[in-house]
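No hydrogens, no waters, no symmetry mates; every other heavy atom, side chains included, goes into these values. Here is the naming used below: chain letters follow the sequence lines, and residue numbers restart at 1 for every chain.
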Amino acid sequence: MQRPSPIGPRGDSIPEHLLEGLNPQQREAVLHRGPALLIVAGAGSGKTKVLTHRIAGLLATREAWPSQILAITFTNKAAAEMRERVGSLVGEESRGMWIRTFHSACVRILRREAEEFGFQQSFTIYDSGDVRALIKRLIKQRGADIQGLTPGGVSSRISMAKNELHDVDSWARTANLENPLDAAFLELWRDYDNELRRANAFDFDDLISQTVFLFRAFPHVAAQYRKRFRHVLVDEYQDTNAAQYALIRELTQPVTRADLPDLRADLPGASLTVVGDSDQSIYAFRGADIRNITDFERDFAGARAILLEQNYRSTQNILSAANAVIGNNFDRREKRLWTDSGDGAKIVGYTGHSGYDEAQFVADEIVELTSGGMAYSDIAVFYRTNAQTRALEEVLIRTAIPYRVIGGTKFYERAEIKDAMAYLITVANPADPLSLRRIMNVPKRGIGPATEAALQAFADEHQITLRDAMRRVDEIALGPKVAAAIKDLAALLDEWSARPEADPGELLRDILSRSGYTDQLRRSTDPQDAARLENVEELVAVTREYRRQNPAGTLIDFLTETALVAAADELDDSGGQVSLMTLHTAKGLEFDAVFITGVEEDLLPHRISANEPGGQAEERRLFYVGITRARQRLHISLAMTRAQFGEVNPAVPSRFLEEIPSELIDWRTPPSTMRPSPQRAVAGRWRDEPREQFVTGFRDPKPLPKAPLKQFANTITEVRDNSGLELAPGDRIRHKDFGEGRVQGVTGAGAKRIAEVLFDAAGRKRLLIKIAPIEKLD
DNA sequence: CTAAGCAAGGTTTTT
DNA sequence: CCTTGCTTAG
């Protein structure tokens, strides 16, 4: 079936280069026109290509102006990639389009319309840490902790409810308030929302739900956006939750003259294109509802569905494993990925004695792959939980393999960065007490908890903000020294707040020096403070870089952007480093070689998921996502013992392993036949060594010259230093764990000298001489 | 008000 | 294991 190209209002049809090289289904997905289109895109089936070519086609035929297109993704990285690829297809024209994440699109709308519904434009966004801190305080205030309410529990419950588009009152109507726990929760939620309102702040979930509420409450506002966006495209649709679904619904409603009087005639709803794969739905815990995609055709009248099954990413062996695994999920639309690019290498399996042994396998294989010409940046290591990075990092450092941890403990979570950010937030949003409290006594000004409580009490009494209370400190009975300190700080903050348009970098520099923050760090004798100083400097560099790329960017713009950065956004493929990340973060990415580690019961599937309805199926999808990230080589590994909470426990091979046909896997050491041997189990002792002997603190052993967001200093200095040790080929050495061996060669220079050693028992290893636990024998 | 020292508790995944 | 909170001494 060869569909003719749609013809635009001026007679333009789609240029051939946009259709070239597309398979029939992809072609159909680009050409189809109608109210609603579902593209079921299996992993690696070219969905981004289809989406971008579809957008380019709409522009080329002049069916749409750029400004009439709204493309929504989940991560900034996906948005950036789409923007770039559309740009390379249509050039300058792509500029007027909205290609944004759900959250950033909503922030933009909310800022524009803030005044309309009683918020200030300068609102800030609370991250999950802020939310927890706030709820914790509220729980304490109400004495609700005795009822067993925890900050984590309350915040996730509020989050879930908001994702279901509930507000306090609608939730109250459905709840059973006889239940004291529910009643207490309700009061906490009410407090929490009031606090947010007073702080002129939103949490993540508000960004979506408040936008929906805004549209519902003000039809003329909604109508403006409906009229503007004639084509709405949504990526990763299987991950949408109820609120996001409602947002899409709102945006694609028809526009009537009742709502927009200056309209000449009523307009039909925007055309909607969604792309997704229910087999890759892994965010149920965040409220994602798989029914949004499975029911799409029933939901949207006149919807058409197109299935993309041909895979352009992986070898057939990898796809066969993926198909076999996901086939164990019942209740799914049958879909079989295939490729015409050949079987490729077998999957490599390995069972280690410990997590360290497993990590050593990963390191050894990486050395093997890279010596075969593969770049570090084409290799990724996945794991289920962030805790698993420890062993991997230690071994990678020892082996001198450059790596980067994506997500996990982030730059913005470090104390000194949070301090600096709190200053910026306080300056941008004077109503926010949370950040103000954080910096009030940092650096030390003698404003302790008692003083803070007095200020807060005064603020509550007069119904003013904490910041206002500081200004009126004269009216509070406090010691002269403390009062002066408060007045000074208030004056400084006000001076900065008066310059909302200033260059964020200049502002930050000014803040750091005049607040005394830098001085405090500089004067300190704590060696970690030197590193903290570097990190703060790094933040200044980040703001500079931000300003360079957004010359008109204000402080509030900068804060918005940093609040919405996701783990996958940090990825920088130019790095020449192996990427370490959770299976969740891996979605949407691809690598030549992939390692999936910790494929054990209670880890994958994770223990907690066992009790949740649909939990096992979701864990299986997670495994499936991991498998399908690999282009050429897939490695699956597990350990017989796993160190958790400081103690070592036996581990059982994952049930998912049996779902992979055995002929697809080449087990170096199969799960069942392994016996603990004293020789190898030695590797487990590594964890007994004090961590300070290695680089502990932060993770990047080899910072890049560029990429300011990503490099920062380690806070703990290395203790071991072998840099004086001279090794030459032929030398005999003894290694703490590997025993004796002979040096084969030495490469690199200075702190990065690497010895290649053939150990008598443990085989060939690479060691970073400077930190390796070795001694030279004569 | 600050610093240090000790006990207890918590650990899935994240926009 | 690591972080956090609480207690105690200055």
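The phosphate of B/dT13 (OP1 or OP2) has no side-chain N or O of A/T585 nearer than 4.0 angstrom. OP1 or OP2 of B/dT14 sits under 4.0 Å from a side-chain N or O of A/N386. Neither OP1 nor OP2 of B/dT15 sits under 4.0 Å from any side-chain N or O of A/T75. Regarding contacts with the backbone of C/dC2, a side-chain N or O of A/R390 is found under 4.0 angstrom from either OP1 or OP2.
Across the protein-nucleic acid pair, A/Y383 atom OH and B/dT12 atom C1' stand 13 Å apart, rounded to whole Å. Taking atom CD1 of A/I208 as the reference point, atom P of B/dT14 lies 18 Å away to the nearest angstrom. The distance from atom CD1 of A/I406 to atom P of B/dT13 is 16 Å, rounded to the nearest whole Å. Rounding to whole angstrom units, CD of residue A/Q280 and P of B/dT14 are separated by 16 Å. For the pair A/D239 CG and B/dT14 P, the computed distance is 13 Å after rounding to whole Å. Counting to the nearest Å, the P atom of B/dT14 and the CZ atom of A/F102 are 19 Å from each other. A/R607 has its CZ atom 9 Å from the P atom of B/dT12, to the nearest Å. The distance from atom CZ of A/R384 to atom C1' of B/dT14 is 11 Å, rounded to the nearest whole Å.
Both A/I447 and A/H103 lie close to DNA chain B; mapped to their nearest nucleotides by heavy-atom distance, the more 5′-ward contact belongs to A/I447. Take the nearest nucleotide of DNA chain B for A/T451 and for A/S159: the residue whose nucleotide is more 5' is A/T451.
Atom NE2 of A/H584 and atom OG1 of A/T385 lie 11.5 Å apart (nearest 0.5 Å).
Proximity note for A/F204 (side chain, C-beta onward) versus B/dT15, B/dC1, B/dT13: the nearest is B/dT15. Taking every side-chain heavy atom of A/K136 into account, C/dG5 is the closest of C/dG5, C/dC2, B/dT14. The side chain of A/I608 lies closest to B/dT11 when the candidates are B/dT14, B/dT11, B/dT15. When distances run from any side-chain atom of A/E619 to the nucleotides B/dT12, B/dT14, B/dC1, the shortest one goes to B/dT12. Considering only side-chain atoms of A/K444, the nucleotide from B/dT11, B/dA3, B/dC1 that sits closest is B/dA3.
Evaluation of the side chain to side chain contact (heavy atoms under 4.5 Å, CB included) rule for A/S159 yields A/N163, A/D205 as partners, not counting sequence neighbours.
A/V325 approaches A/F656 most closely through the heavy-atom pair CG2-O, 4.5 Å.
Contact annotation for A/K481: no contact, since no heavy-atom pair falls under 4.0 Å across all strands. At a threshold of 4.0 angstrom between heavy atoms, the contacts of A/R132 are confined to the sugar-phosphate backbone, with no base atom among them. Among the heavy atoms of the strands lying under 4.0 Å from A/N441 are primed sugar atoms or P, OP1, OP2 only; no base atom is included.
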*Can you list the steps and then say if A/E619 with A/R655 is a salt bridge (Lys or Arg N to Asp or Glu O under 4.0 Å)?*
CA-CA 11 Å; A/E619 297 287 311; A/R655 66 192 74 178; over 6 Å; no
*Report the C-alpha separation of A/R445 and A/D488 in whole Å, then their side-chain angles, then the decisive distance to 0.1 Å, and conclude whether the salt bridge (Lys or Arg N to Asp or Glu O under 4.0 Å) test is met.*
CA-CA 10 Å; A/R445 300 184 174 89; A/D488 287 350; over 6 Å; no
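A gap of 16 Å separates the P atoms of C/dT4 and B/dT13, to the nearest Å.
For B/dT12, the base has no donor-acceptor partner in the side chain of A/H606 [N/O atoms by modelled type, under 3.5 angstrom].
In this structure, the aromatic ring of A/F285 is positioned over the six-membered ring of the base of B/dT13, centres within 5.5 Å and planes within 30°.
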In residues 603-610 of chain A, what donor-acceptor pairs under 3.5 Å come from side-chain atoms, sequence neighbours left out?
| unit_1 | atom_1 | unit_2 | atom_2 | d |
| --- | --- | --- | --- | --- |
| A/H606 | ND1 | A/I608 | N | 3.1 |
| A/S609 | OG | A/H606 | O | 2.6 |

